[in-house]
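Presented below is the structure to which this report refers.
All residue numbers in this chain count up from 1 along the given sequence.
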Amino acid sequence: MGLVRTTASALDEEGVLDIDPTISLETTWHAMEQTVSMGLVRSIGISNYDIFLTRDCLGYSKIKPVVNQNETHRYFQHDSLVNFSQKHGIAVTAHTPLGGSLANTEWFGSVSCLDDPDLKVSLIFSLKIDCD
């Protein structure tokens, strides 16, 4: 296995991430599987894989991903990806579960989950119950 470097050390002289385009996701996955075989990690997963990348990974993996981490929140639920992952025994975990306020407004035309009046009422109600 190659030398592990920090992101900063992978920048070229112009500050651009220097990524070798000849190393495929499959090659990377097999290297990650080696870390499991060597006992360096207990499990491996994927992040920001859509259904097609997840399907491909299942096709070439000897050790299937334990988890797929994706942006998932009230306004961006990825139902088909979540269902596909669960069907194949891959847990789904959300990053940005409360949503990104700027992204929600600009990309989805919706408010941030934190600014959603229905969620604010629910949160206030649940906090009141917990404090009583």
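- With sequence neighbours excluded, no residue forms a side chain to side chain donor-acceptor pair (under 3.5 Å) with Ser37.
- Think of Val16 as one node in a network of Ile, Leu, Val, Met, Phe, Trp and Tyr side chains linked at under 4.5 Å; it has no links at all.
- For residues 78-93, there are no side-chain hydrogen bond (donor to acceptor under 3.5 Å, both in side chains) pairs, not counting sequence neighbours.
- With hydrogens and angles ignored, the 3.5 Å screen pairs no side-chain donor or acceptor of Thr35 with any backbone N or O of Leu40.
- Through chains of ILVMFWY side-chain contacts below 4.5 Å, Leu81 is grouped with Ile51, Leu58, Phe84, Ile90.
- The hydrophobic side chain of Phe52 is isolated, with no ILVMFWY side chain under 4.5 Å apart from it.
- Of all heavy-atom pairs between Pro65 and Gly45, the closest is CB-CA, 4.1 Å.
- Thr28 pairs by the side chain to side chain donor-acceptor pair (under 3.5 Å) definition with nothing, not counting sequence neighbours.
- Within the model, atoms SG of Cys57 and OH of Tyr49 stand 5.5 Å from one another, a figure rounded to the nearest 0.5 Å.
- The side-chain hydrogen bond (donor to acceptor under 3.5 Å, both in side chains) pairs that include a residue from residues 50-63 are Thr54-Asn68, where partners are two or more places apart or lie in different chains.
- Following chains of ILVMFWY side-chain contacts shorter than 4.5 Å, one cannot reach Met32 starting from Val66, and the two form parts of different hydrophobic clusters.
- By the side chain to side chain donor-acceptor pair (under 3.5 Å) test, Asp20 pairs with Thr22, sequence neighbours left out.
- Cluster annotation: Ile46 and Val67 are assigned to distinct hydrophobic clusters (Ile/Leu/Val/Met/Phe/Trp/Tyr, side-chain heavy-atom contacts under 4.5 Å, transitive).
- Under the 4.5 Å side-chain contact rule for hydrophobic residues, Leu53 and Val82 do not share a cluster.
- Listed by chain and residue number, nothing satisfies the side chain to side chain donor-acceptor pair (under 3.5 Å) test with Ser43 (two or more places apart in sequence, or in another chain).
- Its side chain outside the 4.5 Å cluster rule for every partner, Ile23 clusters with none of the Ile, Leu, Val, Met, Phe, Trp and Tyr residues.
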